Amino acid sequence: MSIAKTYNAAEREEKWYQYWETSGFFRSVPDEREPYTIVIPPPNVTGMLHMGHMLNNTIQDILIRRKRMEGYNACWVPGTDHASIATEAKVVRLLRDQGIKKSDLTRDEFLKHAFAWKDKYGGIILDQLRKLGASCDWERTRFTMDDDYYRAVIMVFCDLYEKGYIYRELRMVNWDPSGLTALSDEEVIHKEQQGKLYYVRYKVEGTSKEYVTIATTRPETILGDTAISVNPKDMRFMHLVGKKVIVPLINRAIPIIADDYVDMEFGTGCLKVTPAHDVNDYEIGKRHNLETIDVLNPNGTMSEAAQLYIGEDRFVVRKKISKDLEAAGHIVKIEDYKNTVGHSERTDAVIEPRLSLQWWVNMKEISKPALTAVMDDTVNLIPAKFKNTYRHWMENVKDWCISRQLWWGQQIPAFYLNSENELPEHQRQFFVGVTPEIALEKARAKTGLDLKLEDLRQDADVLDTWFSSWLWPFQVFKSLTEPGNAEAAYYYPTNDLVTGPDILFFWVARMIIAGYEYEGKEPFKNVYLTGLIRDALGRKMSKMLGNSPDPLDLMALYGADGVRFGVLTSSPAGGDLTFDTPIDLTKKELESKLCEQGRNFRNKIWNASNLVEGWVPEAGKPLTPLEKVAINWMKRRLSATAAELADHFEKFRISDALATIRRTIWDEFCGWFLEMMKPNRDEAIGEAAREQVVQLFESLLQLAHPFVPFITEEIWQSLRPRKEGESIMMTLIPEPIVVGDDFEALTAFELVKDTVTAVRAFKAEKGISNKEPIDLYVNTQSPEIFKANLPVLERFLGLRSMQFVDKGPAGTGSLRVLTTEFYIPLGDIDIEAEKAKLLKDIAYNEGFLVSIEKKLGNEKFMANAAAAVVESELKKKADAEATLRLLRESLAGLG
RNA sequence: GGGGCGUUAGCUCAGUUGGUUCAGAGCGUUGCAUUCACACUGCAAAGGUCACUGGUUCGAAUCCAGUACGCCCCACCA
């Protein structure tokens with residue numbers, strides 16, 4: 001079977017992916033084999049493939065393909081996350097574009113729209129994953145809002161509530177005025193910002209000229225002030241405590257109080273207290289029974305309670321009030337000031353601390369097994385440096401705010417009595433139940449009333465997305481909804497998890513917590529944390545900067561194999577990857593040297609197959625001596641590479657593994673082996689020799705397959721006739737075969753290769769064409785190596801003759817490889833130049849010898865160094881002495 | 001403010017218990033090659049005080065301390 005002259009990646013990749021998928025190669029069902037399981041970090045259902053996904057999923061695919069080829073029952077579970085806040089925002093925007101306001105819809109109507117959207121677009125990212133070759137078991141595709149999954153989330157909520165881990169409390173929360181919902185602490189990103197510090201003076205009540213000056217970064221909250229506080233030890237203000245000041249502009253009198261919280265050193269030493277809009281102020285307010293005036297609406301505009309600027313945005317008001325205060329003579333000064341401001345991770349809106357009633361998970365007890373598991377390496381973090389970060393977070397873990405004021409997600413299964421609708425929110429009774437019926441039973445029992453379902457009203461909020469995705473590693477196997485099922489027993493715990501360090505706390509830590517709480521076992525053994533992908537300027541790739549290339553465009557340009565290679569090369573675990581596409585993507589000049597290398601590697605393989613397939617075999621022709629040498633060496637080389645790869649995989653050094661297989665194929669197989677196997681012109685290769693080449697080629701393709709699945713399948717299929725239903729991805733990777741003399745044999749061949757290289761360089765330096773035949777004189781301690789490999793030297797060096805000598809014949813130039821000296825006759829040699837070169841070599845070796853002798857003469861070294869080290873030093877000494885002898889003889893030979 | 005990580009060739013990175021002649025790879029650069037699989041190639045070459053300072057050691061890119069620069073995470077000082 002011959003293949004086309006140029007490789008059409010797009011067409012072939014499409015073809016092979018379909019072949020794999022329709023053949024059911026990705027499918028995994030429990031059997032007698034040992035399972036190897038990965039659950040995908042479910043991308044947002046709204047997501048589009050970005051470079052982070054590309055890296056992440058390429059690594060997962062490499063791991064899963066490798067394990068599949070090692071004979072494990074490999075199962076990669078794909079799926080998507082409902083991503084409540086992101087998806088809801090997207091759907092709201094889409095509806096708005098259609099002229100539909102969310103506020104005009106009922107919950108059910110809105111959810112209908114949202115599900116319609118999900119059904120239409122939710123699968124896009126999964127199709128994009130197919131493009132990169134992801135060998136997921138698509139029949140297992142899950143979604144965090146699948147019916148059973150939804151039920152599992154509700155069950156967990158109720159269970160944790162019954163266990164006392166979940167509670168409802170009025171607290172200061174992180175409020176996202178854009179998403180109109182509460183957020184957990186983890187969803188708040190602190191960013192340093194250049195702001196201003198306003199020094200504002202308040203008149204002391206009952207005086208005409210006495211003022212108190214405070215410093216604030218948020219003058220708009222002055223309208224919500226209910227006290228001024230000073231430190232009780234601060235003598236400067238003692239006389240004022242107990243008096244009142246007048247809030248500027250609105251002329252409300254508020255008390256001056258004393259509280260330890262106030263830092264005497266900061267600002268003026270006086271703090272304005274706004275309990276509704278600052279966590280610390282809220283605490284102070286509680287201590288001093290202060291009034292709480294909420295001057296902001298949920299969307300960040302001023303509320304009626306503010307009295308002024310009602311309905312205007314907080315940042316607009318900040319500017320306005322600053323001017324108005326100035327005009328009224330209340331501004332003492334304004335300083336530039338850097339402070340950190342919380343932003344919503346999803347909407348990037350500036351977070352408002354806001355007092356509200358939310359649902360919380362008490363994390364302290366429940367998280368303990370998860371901390372232990374990582375500290376004692378039951379769960380391995382790779383790289384291990386993340387253990388520290390993890391421990392710090394876990395030891396200081398705070399309660400998790402899990403309620404979100406959204407519709408897209410699992411609705412909180414808490415029910416209120418309609419009869420209590422008039423009561424203040426936090427005074428209403430509630431009943432938690434997996435179903436309304438169960439909640440109703442509880443309500444009846446508690447109240448003694450003959451209640452009906454319509455007397456209950458379900459909590460309107462949904463749960464944090466992460467409150468569903470923390471169940472992912474087991475609920476994808478329906479462990480909670482079908483307890484004890486065979487699949488969950490077989491696949492759980494999973495093996496490896498591959499994800500970014502940015503969701504270590506959001507997701508990884510919580511999965512471990514949930515794993516122990518619900519399965520009693522860790523959810524995975526290893527967590528491979530990838531690095532961040534940065535652009536050529538070292539910046540994080542982000543949508544906002546627009547500095548991320550579209551992986552699909554890259555794949556169109558370089559093929560999936562090329563991009564997989566590119567994204568993986570130089571990407572150690574936990575280390576950032578600086579990707580090299582140009583910054584200005586608007587120019588459409590998509591270019592990536594890294595992916596180009598991948599494409600080149602792929603084409604190198606393809607070209608090698610072109611060569612091999614062009615060889616027409618001749619039956620019955622025996623192996624030539626050169627072929628024998630080459631095959632023996634390449635087999636050992638292959639085995640050594642297989643062993644090296646196994647070691648790299650064991651330690652999750654995926655980039656190193658890729659470099660190893662690339663080098664073996666490109667340099668060793670193509671550069672040396674095929675060059676040796678290449679039949680002379682007008683000659684045919686023997687059938688036996690060709691068969692050996694094909695076998696070795698196949699083995700290398702197998703080892704390379706996890707990295708570049710498409711090209712390896714393409715070539716593997718073309719090397720021999722294959723049956724329908726055969727695929728390289730279903731073959732078993734060749735085991736490293738350890739033969740006793742492998743190491744020596746490989747070392748010996750390295751000497752031969754070095755000889756070839758050195759002689760080539762020598763010829764190049766002397767202006768001798770490499771084709772020109774030479775006579776080679778060899779002065780060596782291991783002539784057997786050169787005798788055995790004579791055919792190799794002949795092939796690569798155009799050798800006319802080789803003789804062993806004790807010293808260099810007259811009229812020759814010399815070169816040296818390790819302890820072997822070579823002499824090559826030169827037409828007219830520059831004796832002085834030769835001498836100079838030799839003298840330089842001699843000087844170097846003398847110096848080297850001196851340093852070794854010094855070392856060996858050092859009693860402490862001899863006493864402390866390991867025997868193997870001493871031995872190697874002795875060998876170095878012997879080598880250096882031998883080399884010096886050769887060099888001196890050569891020098892003498894020159895006269 | 002607290003904690004963690006990094007700094008090796010022009011660029012991106014390896015360097016896996018301190019000890020092979022340990023200073024490496026790829027890209028880039030510079031020569032040379034060319035009907036013979038591959039210019040998405042081959043052959044060769046140049047290129048580094050291993051950030052700096054001090055310490056431990058017979059021996060340090062590797063261990064320790066400090067300095068400089070860079071990055072990340074955590075944190076309620078207005």
Side-chain angles (χ1 to χ4, degrees), chain A residues 7 172 185 190 197 214-218 221 229 261-263 265-268 270-274 278-283 337 339-340 342 353 383 385-386 388-389 392-393 396 501-502 504-505 532 534 536 538 540 558 562 569-572 574-580 593-594 596-597 599-615 647-648 651 653 655-656 659 662-663 670-671 674-675 678 680-681 757 760-765 767 769-771 818 844-845 848 852 854-855 857-866 868-873 875-876 879-880:
Chain A
Y7 180 70
M172 206 55 118
D185 292 341
H190 296 276
L197 191 58
I214 56 89
T216 179
T217 53
R218 307 193 49 194
T221 63
S229 180
Y261 171 76
V262 180
D263 180 352
E265 306 299 318
F266 189 87
T268 61
C270 298
L271 174 70
K272 72 187 218 38
V273 183
T274 322
D278 184 281
V279 183
N280 299 305
D281 291 11
Y282 178 65
E283 295 300 323
Y337 186 69
N339 63 343
T340 49
K385 66 175 179 182
F386 286 109
N388 276 333
T389 318
H392 183 262
W393 189 78
N396 299 286
D502 49 331
L504 186 58
F505 307 133
L532 249 43
R534 303 178 168 282
K540 220 192 268 194
Y558 299 105
T569 206
S570 82
S571 170
D576 291 352
L577 166 63
T578 307
F579 203 70
D580 62 343
K593 283 286 173 201
L594 293 171
E596 204 175 292
Q597 283 176 53
R599 180 202 59 190
N600 293 355
F601 176 51
R602 178 249 279 159
N603 283 345
K604 187 73 184 177
I605 297 175
W606 195 78
N607 281 319
S609 84
N610 260 353
L611 175 66
V612 172
E613 285 169 30
W615 293 342
D647 184 49
H648 285 321
K651 292 165 182 157
R653 291 198 295 252
S655 298
D656 289 351
R662 188 200 104 104
R663 196 170 45 242
C670 294
L674 289 183
E675 288 302 327
K678 207 181 262 183
N680 288 320
R681 198 163 350 182
T757 299
R760 276 173 178 163
F762 178 86
K763 282 172 139 185
E765 190 192 324
S769 159
N770 191 45
K771 281 184 189 162
L818 299 177
Y844 174 83
N845 276 281
F848 180 60
I852 291 179
K854 209 161 133 192
K855 205 184 269 189
N858 183 324
E859 281 173 31
K860 286 186 178 171
F861 172 77
M862 297 306 281
N864 296 324
V869 174
V870 175
E871 196 181 316
S872 86
E873 291 298 322
K875 183 173 184 305
K876 275 196 254 174
D879 286 353

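Order of the sequence lines fixes the chain letters, A, B, ..., with proteins taken first and strands second; residue numbering starts at 1 for each chain. What you see is a predicted model; the values in this text were computed from it and never measured.
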Mind checking who [N] pairs with, Watson-Crick or G-U wobble, both distances under 3.5 Å?
N: B/G31; answer: B/C43
N: B/G1; answer: B/C74
N: B/U7; answer: B/A68
N: B/A61; answer: none
N: B/A14; answer: none
N: B/A23; answer: none
N: B/U56; answer: none

Between [options], spot the one nearest the side chain of [X], thanks.
X: A/Lys604; options: B/C38, B/C77, B/G19; value: B/C38
X: A/Asp656; options: B/A44, B/C71, B/A14; value: B/A14
X: A/Val262; options: B/A78, B/U16, B/C58; value: B/A78
X: A/Gln597; options: B/G26, B/C40, B/C73; value: B/G26
X: A/Cys670; options: B/C77, B/A37, B/C58; value: B/A37
X: A/Asn280; options: B/A37, B/G19, B/C76; value: B/C76
X: A/His392; options: B/C74, B/A78, B/A44; value: B/C74
X: A/Asn388; options: B/G4, B/C71, B/U16; value: B/G4
X: A/Lys678; options: B/A37, B/C74, B/G19; value: B/A37

Distance check, [atom1] atoms only: [N] and [M], in whole angstrom units.
N: B/G15; M: B/U62; atom1: P; value: 15 Å
N: B/G3; M: B/U30; atom1: C1'; value: 48 Å
N: B/C52; M: B/A44; atom1: P; value: 33 Å
N: B/G28; M: B/A23; atom1: P; value: 27 Å
N: B/U16; M: B/A61; atom1: P; value: 13 Å
N: B/A9; M: B/C5; atom1: P; value: 22 Å
N: B/A75; M: B/C69; atom1: P; value: 26 Å
N: B/U17; M: B/C32; atom1: C1'; value: 45 Å

Determine whether a donor-acceptor pair (one donor, one acceptor, N or O, separation below 3.5 Å) exists between the side chain of A/Glu265 and the base of B/A78.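 No, no donor-acceptor pair under 3.5 Å.
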
Within the modelled atom types, does a donor on one side and an acceptor on the other bring the side chain of A/Lys593 and the base of B/C27 under 3.5 Å apart?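 Looking at the base of B/C27, it does not pair with any donor or acceptor on the side chain of A/Lys593 (distance under 3.5 Å).
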
Check this for me, if you would: do A/Asp647 and A/Arg653 make a salt bridge, where the nitrogen-to-carboxylate-oxygen distance has to be below 4.0 angstrom?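 Salt bridge: yes.
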
Using only side-chain N and O atoms of [X], determine if any of them is under 4.0 Å from OP1 or OP2 of [N].
X: A/Arg599; N: B/C40; value: no
X: A/Tyr261; N: B/A78; value: no
X: A/Asn600; N: B/U41; value: yes
X: A/Ser609; N: B/A37; value: no

Measure the acute angle between the ring planes of A/Phe505 and A/Trp393, then classify it against the limits of 30° and 60° as parallel, tilted or perpendicular.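 The rings of A/Phe505 and A/Trp393 lie parallel, inter-plane angle below 30°.
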
How is [X] classified with respect to the nucleic acid when contacts are heavy atoms under 4.0 Å: base, sugar-phosphate, or nothing?
X: A/Phe762; result: nothing
X: A/Thr340; result: base
X: A/Asp263; result: base

Gap separating the OH atom of A/Tyr7 from the CG atom of A/Asn610, nearest 0.5 angstrom: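 Output value for this atom pair is 12.5 Å.
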
